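All values derive from a computational prediction rather than experimental measurement.
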Amino acid sequence: LLAATLFFAQPTGVLGQFLLGRGRPRQLSLVQISFGIANLILTSALLAGAGVVWVAAFSTLVLETVVGVFAVPRLVVREGVAYGALARAWVRPVGAGIPAAAVTLAPAAILWHGSASLPGILLLGAVWSAVYAVCAWRVALGPAERALVRRLTASVKLRPDAALGDPLD
C-alpha cells in the first residue's frame, strides 16, 4: 500500500516545486499541513478501530490520492496549467509502473508474505527498478524523448580534458 502512494506522492512533489518556483509556498503549505493533520487523525482513528497496522498505510494512500489528484493540481490549474495536460503527463509513467508492479511486486507480496528481510526488500526494489526502466522506455517515453536520451548517452565520453593536461603529471 505504501508503494502505491508513490504514484501520487511523486507528482505532488514535482507540482509542489512548480508552485514554489511560482512564488506560491503559502498555498502549498496549507494543503500539505492540512492533509498531514488529516492523515494523523485518520490513521489514529483507523488504528484504534481496526487494531491492525496496514490501515495506517491505507490512510496514507487515500489521502495522498486526494492530494495528488485534486488538491495540488487545483493549485497548479490556478497558475494556468490545464488539468488535462497534468493528467496526461501523469498517466504515462503510471502506465509503465503498473505492468512492472504486476510482474515483480504482486508475486513478491504473495511469495514473501510476512517476511521482513531487508536484503530481500532491497533486491526486490532493484528488480522492480530494472523492470520499470524497460517499461518506462517503451511506454512512458515518446520517440523524441528516447532519441534525446540516446543522444545524451552517446555523447558522454570518459577522457581527460586536454586543457587541464594529464592529472598524473
Side-chain angles (χ1 to χ4, degrees), residues 1-21 28 31-32 34-36 38-40 42-43 46-47 50 52-77 79 81-158:
L1 287 174
L2 284 178
T5 64
L6 292 177
F7 286 122
F8 304 101
Q10 176 59 28
T12 298
V14 171
L15 296 177
Q17 292 300 311
F18 172 80
L19 290 169
L20 289 174
L28 179 61
V31 166
Q32 290 178 326
S34 300
F35 279 93
N39 192 8
L40 289 172
L42 183 59
T43 298
L46 288 173
L47 283 172
V52 290
V53 175
W54 67 266
V55 298
F58 179 73
S59 168
T60 300
L61 175 60
V62 168
L63 289 169
E64 283 288 348
T65 302
V66 171
V67 170
V69 174
F70 300 109
V72 173
R74 185 172 174 202
L75 296 175
V76 172
V77 167
E79 295 296 315
V81 177
Y83 188 82
L86 291 173
R88 284 188 300 279
W90 179 80
V91 165
R92 285 174 53 192
V94 169
I98 290 172
V103 299
T104 57
L105 301 180
I110 294 167
L111 295 173
W112 289 344
H113 181 72
S115 173
S117 166
L118 182 57
I121 291 171
L122 293 174
L123 177 62
L124 176 62
V127 170
W128 180 85
S129 296
V131 172
Y132 178 78
V134 171
C135 292
W137 183 261
R138 300 294 303 150
V139 176
L141 297 179
E145 294 160 323
R146 285 194 295 270
L148 174 64
V149 170
R150 283 186 186 112
R151 276 194 317 275
L152 291 173
T153 56
S155 67
V156 175
K157 298 193 186 330
L158 298 175

Got a list of side-chain donor-acceptor pairs under 3.5 Å for residues 118-133, not counting sequence neighbours?
{"residue": "S129", "atom": "OG", "partner": "G125", "partner atom": "O", "Å": "2.8"}
{"residue": "Y132", "atom": "OH", "partner": "P93", "partner atom": "O", "Å": "3.4"}

For A102 against P107, the heavy-atom pair lying closest together: O-CD, 3.2 Å
Closest contact, heavy atoms only, T65 versus L61: OG1-O, 2.7 Å
Heavy-atom pair of closest approach, residues R92 and E145: NH2-OE1, 2.6 Å
Atom pairs and distances, side-chain donor-acceptor, residues 81-91, under 3.5 Å, sequence neighbours left out:
{"residue": "Y83", "atom": "OH", "partner": "V69", "partner atom": "O", "Å": "2.6"}
{"residue": "R88", "atom": "NH1", "partner": "G84", "partner atom": "O", "Å": "3.3"}
{"residue": "W90", "atom": "NE1", "partner": "F7", "partner atom": "O", "Å": "2.7"}

Minimal non-hydrogen separation, V31 against A71, with atom names: CG1-CB, 3.8 Å
Heavy-atom pair of closest approach, residues G95 and V139: C-CG1, 4.1 Å
Positive for side-chain contact (heavy atoms from CB on, under 4.5 Å) with F18, one of L75, V76, V72: V76
Heavy atoms of other groups near R146 CZ, more than 12 under 6.0 Å: yes
Pairing residues for S59 by the side-chain hydrogen bond (donor to acceptor under 3.5 Å, both in side chains) criterion, not counting sequence neighbours: N39, T43
Chi angles and distances behind the side chain to side chain contact (heavy atoms under 4.5 Å, CB included) call for R74, V77: CA-CA 5 Å; R74 185 172 174 202; V77 167; 5.7 Å; no
Nearest heavy atoms of A96 and A140, plus distance in Å: CB-CB, 4.2 Å
side-chain contact (heavy atoms from CB on, under 4.5 Å) partner of T5, chosen from T60, T12, L63: T60
Interatomic distance, T153 atom OG1 to L148 atom CG [nearest 0.5 angstrom]: 9.0 Å
